[in-house]
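The figures that follow rest on heavy atoms only: side chains count, while hydrogens, waters and symmetry mates do not. All values reported here derive from a predicted model rather than from experimental measurement.
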Amino acid sequence: MRAIWEYANPKKFITLVDRVLPGLSVLALAALSAGLIWGFFFTPDDYRQGATVKIIYLHVPAALMAINAWMMMLVASLIWLIRRHHVSALAARAAAPVGAMMTVIALLTGAIWGQPMWGTWWAWDPRLTSFLILFLFYLGYIALWQAIEGDDTAADLTSVLCIVGSVFAVLSRYAVNFWNQGLHQGASLSLDKEENVADVFYYPLLVSIAGFVLLFLALVLLRTRTEIRARRTRALLARERMT
């Protein structure tokens, strides 16, 4: 556990990122390419949904990462509030645009999937509505970081916002379980094997999810490294102004 906290040191964190990022990026590209190519070109059409079912290989991984990105931000924000490690605050900041991007992909692919299935591009379904609110929280989080000059003050306020927004992250995941009404189906993946999609769709979906997870990690590490260097640059400029 002590070894993990050592990477709260910005220099050690950057050294770690420099070492693992190239390999992680290659793995992300390989898994994402394999999952999407397998899913889109080597799986059959569904007997009810036809070829539209193949959007699952974008929609489900993006939706999972949109929610889990916010939960990662929550953990990083709590570490900042408790331990005051700047790397954790900057990691949360770095993850926000990536999570917002995943949320947009999930909303757009959901609309494209929903139109032929439901007959409408949008419905005020519990899961869809909570997902839209989650996206607005992402935008608010990003905007709050930009609006406040002091990094520590911005980290404090955005951490509180992240805690509040976590309610909608949980609702986005479990809205179908909380409310029976709504058009959105239940979970496509479950620890209960009986609730999963058919194996012919299931395995490429797992590969695609792995690709999205690796892509998220690579982007967050890259952006966190950039945020650390930007913070250093701001500190150096502030010192020059003082002298």
For this session: Show your working on side chain to side chain contact (heavy atoms under 4.5 Å, CB included) between F135 and L139 and close with a plain yes or no.
Result: CA-CA 6 Å; F135 175 62; L139 295 183; 3.7 Å; yes

Problem set entry | Closest contact, heavy atoms only, S159 versus W80 | OG-CD1, 3.5 Å

Exercise. Below 4.5 Å, heavy atoms only, C-beta onward: do V60 and L205 meet side chain to side chain?
Worked result: yes

Exercise. What distance do L221 atom CG and D18 atom CG have between them, rounded to the nearest 0.5 Å?
Worked result: 10.5 Å

Exercise. Which heavy atom in P10 sits nearest to a heavy atom in I228, and how many Å separate them?
Worked result: CB-CG2, 3.8 Å

Exercise. Do the side chains of I82 and I163 join up, straight or via other hydrophobic residues, at under 4.5 Å, putting them in one cluster?
Worked result: no

Exercise. Could you state the interatomic distance from CG (L16) to CG (L21), rounded to the nearest 0.5 Å?
Worked result: 10.0 Å

Seminar exercise, completed: Rounded to the nearest 0.5 angstrom, the CG-CG distance for L24 and L29 is 11.5 Å

Problem set entry | Qualifying residues under side chain to side chain contact (heavy atoms under 4.5 Å, CB included), relative to V207, sequence neighbours excluded | A34, W38

Exercise. Given the rule in the side chain to side chain contact (heavy atoms under 4.5 Å, CB included) test, do W145 and L157 qualify, once you have shown the distances and angles that lead to the verdict?
Worked result: CA-CA 9 Å; W145 263 109; L157 294 177; over 6 Å; no

Problem set entry | Inter-residue atom distance F216.CZ - N68.CG, 0.5 Å rounding | 8.0 Å

For this session: May I have all residue pairs that pass side-chain hydrogen bond (donor to acceptor under 3.5 Å, both in side chains) and include part of residues 204-213, sequence neighbours excluded?
Result: none

For this session: Check whether V26 and L32 end up in the same hydrophobic cluster, where Ile, Leu, Val, Met, Phe, Trp and Tyr are linked by side-chain heavy atoms less than 4.5 Å apart.
Result: no

For this session: Could you name each residue pair satisfying salt bridge (Lys or Arg N to Asp or Glu O under 4.0 Å) that touches residues 95-120, not counting sequence neighbours?
Result: none

Problem set entry | Pairing residues for F137 by the ring-ring contact (aromatic ring centres under 6.0 Å, His included) criterion, not counting sequence neighbours | F168

Problem set entry | Rounded distance (nearest 0.5 Å) linking atom CG of L128 with atom CD1 of I133 | 11.0 Å

For this session: In plain terms, say whether R231 and D152 are close enough for a salt bridge, that is, a side-chain N and a carboxylate O under 4.0 Å apart.
Result: yes

Problem set entry | Pair listing, salt bridge (Lys or Arg N to Asp or Glu O under 4.0 Å) test, anchored in residues 131-140, at least two apart | none

Pair up each side-chain donor or acceptor in residues 89-105 with any protein partner under 3.5 Å, not counting sequence neighbours, and list the distances.
unit_1	atom_1	unit_2	atom_2	d
T103	OG1	G99	O	2.8

Problem set entry | Heavy-atom side-chain contact between F42 and P204 under 4.5 Å | no

For this session: Provide the closest heavy-atom pair for L134 versus G165 in the form atom of the first, atom of the second, distance.
Result: CD1-O, 4.3 Å

For this session: Check whether any side-chain N or O of T158 sits under 3.5 Å from a backbone N or O of A155 as a donor-acceptor pair, and report yes or no.
Result: yes

For this session: May I ask whether V160 and M72 are part of the same hydrophobic cluster, defined by side-chain heavy atoms of I, L, V, M, F, W, Y residues being less than 4.5 angstrom apart, directly or through others?
Result: no

Seminar exercise, completed: Hits for ring-ring contact (aromatic ring centres under 6.0 Å, His included) against Y138, two or more places apart or cross-chain, chain-then-number order -> W70

Seminar exercise, completed: Sorted by chain and number, sequence neighbours left out, salt bridge (charged side-chain N to carboxylate O under 4.0 Å, His left out) with R223 holds for E227

For this session: Please collect all salt bridge (Lys or Arg N to Asp or Glu O under 4.0 Å) contacts where either partner lies in residues 95-104, sequence neighbours excluded, each pair once.
Result: none

Exercise. Is there any salt bridge (Lys or Arg N to Asp or Glu O under 4.0 Å) pair reaching into residues 58-85, and which pairs are they, with sequence neighbours excluded?
Worked result: R84-D156

For this session: Could you tell me which non-hydrogen atom of V200 sits nearest to which non-hydrogen atom of P44, and how far apart they are?
Result: CG2-CD, 3.4 Å

Exercise. Should F131 and I142 be counted in the same cluster of Ile, Leu, Val, Met, Phe, Trp and Tyr side chains packed under 4.5 Å apart?
Worked result: no

Problem set entry | Qualifying residues under side chain to side chain donor-acceptor pair (under 3.5 Å), relative to H85, sequence neighbours excluded | none

For this session: Output, in order, the C-alpha distance, side-chain angles, deciding distance and verdict of side chain to side chain contact (heavy atoms under 4.5 Å, CB included) for M73 and Y141.
Result: CA-CA 10 Å; M73 291 163 56; Y141 182 94; 3.7 Å; yes

For this session: Please confirm whether the backbone N or O of A106 pairs with a side-chain atom of H59, one donor and one acceptor, at under 3.5 Å?
Result: yes

For this session: Find the distance between SG (C162) and CG (L78) and round it off to the nearest 0.5 Å.
Result: 7.5 Å

Exercise. Any chain of hydrophobic side-chain contacts (each under 4.5 Å) joining I209 to I37?
Worked result: yes

For this session: With sequence neighbours excluded, tell me which residues meet salt bridge (charged side-chain N to carboxylate O under 4.0 Å, His left out) with R232.
Result: none

